[in-house]
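To start, the structure under review is shown below, and the notes come after it.
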Amino acid sequence: MPLRGRSALRRIASRGTAMAVGAAMAVITGLAAAPAVHASPSATGALRWAPCDDPAKPGAECATLAVPVDWAHPDGPRLDLAVARRKATDPGARVGSMVFGPGGPGDSGVEMVVRRISRFSPEVRRRFDIVSFDPRGVGGSNPVACSGDLLAERPSPELKNQADFDATAAYNRRLRADCRARTGPVFDHLDTAQTVRDLDALRAALGERKLTFHGSSYGTLLGAQYAETYPRRVRAMVLESVMDHSVPTTGDFLRSEAATAEDSFQEFVKWCDGAADCALHARDVRAVWQGLLARAGRGELENPAKPGTSLSSSDLVNKTAFKKFYEVDYAGLATAIAGMEASKPLPASPTSISPLHPATPVFCSDWHLPVRDYQEYAWLVAMMNMTAPDLPYLLPIHVAAACLGSPTANPQHHLDAHGAPPILVSNALHDPATGYPWAVSVARQLGRSGVLLTYEGQGHGSVTSGPCMEDAVDSYLTDLAVPPRGTSCPAVPS
């Protein structure tokens, strides 16, 4: 079967190292909570496993791994990474440990292993110990903590003039200072280059000579930069729903994100036109949607999750439509749209958008997306809205606003992983967050190491999307059987 692609990675060994950014908390907090960890490693870095504190999901073991706050100063202050594993279900057929790189940024790998192990195929669970961790700044690994009150004051990304632009930059400075004070020194060392070094320390602590890795979404940035830094320490690597860290400019990044989101909206409209059970079948879906956007913009659209309160147009796009695109829940989206259309309009009132999650500093430290002034910002918004006319004020423009003035420790660059073994790059043709062109680009950058596996369907995530995808990925991970270049797998009903 066909498979397309190539690519190339390397750098960073001397210093150490998609996009969904979640909602923030109402109180001073860190990122997503993780199951309690009971054991700490010894001074040699060995992992001391103990049952995780989750009686509803038994069988997982937890540990911690001490790593330097700053790998440039390995003898300096340390932090404990929260780690979890589930042992291979068939010990006699065990290949070794497979480390999962969580997405986000801000997702908990411990949460994935403890509570969502079904995310991995039965064959992978049979043959591997599934291991993951909370990346630095997340969950149980020295989480980023910020004032909930200050997070709630985040300015709207719908900036109207230079004064709004300046106010947003000033707010970002206040927020960074607050988060740094509450989080501690790790706040300045959250970039993926630092996490690459954490991942290699975990590989060593697991006793694995070479790393078997599966990264999803933002976790693909971690995997790609690991292969770049330690190409000869990779056994097998799956990059699923791929971030392209070579995208050079703010405009290029935002345009590509808008295009892939709009593509998913078009896929939804196409489905509804052909599906008799669509709640909007035989109607002008775009016209209905634009009507909701207009009501939301006036503060007249009720939030179904919070009756009596209004839903902003930003949250309508990012928390209603975009979430359903991730899951390919087109029927659910059509039903939600029909229900909101039929709802009684609220009296017009100002709306507010949800504050960004404190994981945003991780993204800002990995992406250099400068915006000089309001005039450039307004151009970027207009460009995105022209590229994605059905999805105004997509989340990436929010993140660009949140990163105004932030330092970048690990900026974009072309990958160079010369010497790495075959790396499997997996992506859906119609991924709403990490578009297919990014996967093609990363596979090309990986050169002879890059092997592109295409899922001809929709959604964010693809490795278990039907037997064709699952068998190809399982065979690669377990037996290092690389699919032929150009391999693609048909879409399966969601």
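The structure places CZ of Arg235 at 10.0 Å from NZ of Lys210, a figure rounded to the nearest 0.5 Å. In this structure, Phe268 CZ and Asp329 CG are separated by 9.5 Å, a value rounded to the nearest 0.5 Å. For the atom pair Arg255 CZ and Thr249 OG1, the distance stands at 7.0 Å (nearest 0.5 Å). A distance of 12.0 Å separates CZ of Phe128 from OG1 of Thr89, quoted to the nearest 0.5 Å. In this structure, Met469 CE and Leu453 CG are separated by 4.0 Å, a value rounded to the nearest 0.5 Å. Rounding to the nearest 0.5 Å places CG of Leu395 at 7.5 Å from OG of Ser314.
Judged purely by distance below 3.5 Å, without hydrogens or angles, the side chains of Ser426 and Ser462 pair a donor atom with an acceptor atom. A donor-acceptor contact closer than 3.5 angstrom links the side chains of Tyr436 and Thr454. A donor atom on one side chain and an acceptor atom on the other are not found under 3.5 Å apart for Arg197 and Tyr226. Between the side chains of Ser216 and Arg119, a donor-acceptor pair is found at a separation under 3.5 Å. Side-chain atoms of Asp431 and Trp438 form no donor-acceptor pair, as typed in the model, at a separation below 3.5 Å. Between the side chains of Asp244 and Ser246, a donor-acceptor pair is found at a separation under 3.5 Å.
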What's the verdict on side chain to side chain contact (heavy atoms under 4.5 Å, CB included) for Glu153 and Arg174, showing C-alpha distance, side-chain angles and the deciding distance?
CA-CA 11 Å; Glu153 295 174 15; Arg174 281 198 299 139; 3.8 Å; yes
Please step through side chain to side chain contact (heavy atoms under 4.5 Å, CB included) for the pair Val67 and Leu79, ending with a clear verdict.
CA-CA 6 Å; Val67 297; Leu79 67 100; 3.9 Å; yes
Derivation and outcome, side chain to side chain contact (heavy atoms under 4.5 Å, CB included), residues Tyr476 and Val482
CA-CA 5 Å; Tyr476 166 72; Val482 182; 4.2 Å; yes
I would like to know whether Asn142 and Thr183 meet side chain to side chain contact (heavy atoms under 4.5 Å, CB included); could you show each step before the answer?
CA-CA 7 Å; Asn142 199 149; Thr183 304; 3.9 Å; yes
Passes side chain to side chain donor-acceptor pair (under 3.5 Å), Thr260 versus Asp263? Steps please.
CA-CA 5 Å; Thr260 195; Asp263 172 72; 5.3 Å; no
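Taking all atoms of both residues into account, the shortest heavy-atom contact from Cys364 to Thr408 is O-OG1, 3.3 Å. Of all heavy-atom pairs spanning Ala491 and Glu456, the tightest one is CB-O, 3.6 Å. In this structure, Val451 and Pro483 approach most closely via the heavy-atom pair CG1-O, 3.7 Å. Scanning all heavy atoms of the two residues, the minimum distance from Tyr455 to Pro490 falls at CE1-O, 3.3 Å. Annotation for Ile423 and Ala227: closest pair CD1-CB, 3.7 Å, computed over non-hydrogen atoms. Contact record, Val492 with Gly466: CG1-CA, 3.9 Å, taken as the closest heavy-atom pair.
Using a distance-only test at 3.5 Å, with no hydrogens or angles considered, no donor-acceptor pair links the side chain of Arg125 to the main chain of Ile130. The backbone N or O of Phe253 lies less than 3.5 Å from a partner atom in the side chain of Ser256, making a donor-acceptor pair. Using modelled atom types, no side-chain atom of Asn318 and backbone atom of Leu394 make a donor-acceptor pair closer than 3.5 Å. Under a 3.5 Å cut-off, the side chain of Ser132 and the backbone N or O of Val99 do not form any donor-acceptor pair. No donor-acceptor pair under 3.5 Å is formed between the side chain of Tyr330 and the backbone N or O of Glu267. Asp479 places no side-chain N or O within donor-acceptor distance of the main-chain N or O of Ala481, the cut-off being under 3.5 Å. Of the possible polar contacts, one joining the Ser449 side chain to the Ala420 backbone as a donor-acceptor pair under 3.5 Å is found.
Atom CZ of Arg94 sits in a crowded spot, with more than 12 heavy atoms from other residues, nucleotides or ligands closer than 6.0 Å.
Looking at Asp191 and Val362, their side chains never come closer than 4.5 Å, going by heavy atoms from C-beta outward. Counting only heavy atoms from C-beta outward, the side chains of His418 and Pro231 never approach each other to under 4.5 Å. Within the 4.5 Å cutoff, side-chain heavy atoms of Pro135 are placed close to those of Val138. A 4.5 Å side-chain heavy-atom check between Ser406 and Asn172 finds every atom pair outside the cut-off. Two residues are said to be in side-chain contact when any heavy atoms from C-beta on lie closer than 4.5 Å; Leu81 and Asp134 fail this criterion. Residues Leu424 and Leu239 are not in side-chain contact: their nearest non-hydrogen atoms beyond the backbone lie 4.5 Å or more apart. Within the 4.5 Å cutoff, side-chain heavy atoms of Val144 are placed close to those of Leu190. For the pair His460/Ser217, a side-chain contact is recorded, criterion being any heavy-atom separation below 4.5 Å from C-beta on.
Taking the six-membered ring where tryptophan is involved, the planes of Tyr218 and Phe363 are tilted, since the angle between them lies from 30° to 60°.
Under the side chain to side chain contact (heavy atoms under 4.5 Å, CB included) criterion, His245 pairs with Leu221, Gln225, Asp366, Trp367, Asn410, Gln412, His413, sequence neighbours left out. For Arg180, the salt bridge (charged side-chain N to carboxylate O under 4.0 Å, His left out) criterion is met by Asp188, not counting sequence neighbours. With sequence neighbours left out, Arg126 forms a salt bridge (charged side-chain N to carboxylate O under 4.0 Å, His left out) with Asp90, Glu123. Applying the salt bridge (charged side-chain N to carboxylate O under 4.0 Å, His left out) test to Asp315 and every residue at least two apart in sequence or in another chain returns nothing. Take Asp474 and apply the salt bridge (charged side-chain N to carboxylate O under 4.0 Å, His left out) test, not counting sequence neighbours, and it matches no residue.
Ion pairing between Asp129 and Arg86 fails under the 4.0 Å rule for side-chain N and carboxylate O. Salt bridge status for Glu61 with Arg85: present, with a side-chain N to carboxylate O gap under 4.0 Å. Salt-bridge check for Asp54 with Lys57: failed, with every basic side-chain N at 4.0 Å or more from each acidic carboxylate O. Arg233 has no carboxylate O lying under 4.0 Å from a charged side-chain N of Glu228, or vice versa, which leaves the two without a salt bridge. Look at Asp178 and Arg182 and you find a salt bridge, because one of the NZ, NE, NH1 or NH2 atoms lies within 4.0 Å of a carboxylate O, short of that distance. A salt bridge links Asp200 to Arg203: at least one charged side-chain nitrogen sits closer than 4.0 Å to a carboxylate oxygen.
Listed by first and then second residue, the ring-ring contact (aromatic ring centres under 6.0 Å, His included) pairs that reach into residues 87-111 are Phe100-Phe120, Phe100-His214, sequence neighbours excluded.
Screening Val95, Val463, Thr212 for a side-chain contact (heavy atoms from CB on, under 4.5 Å) with Leu477, the sole residue that qualifies is Thr212.
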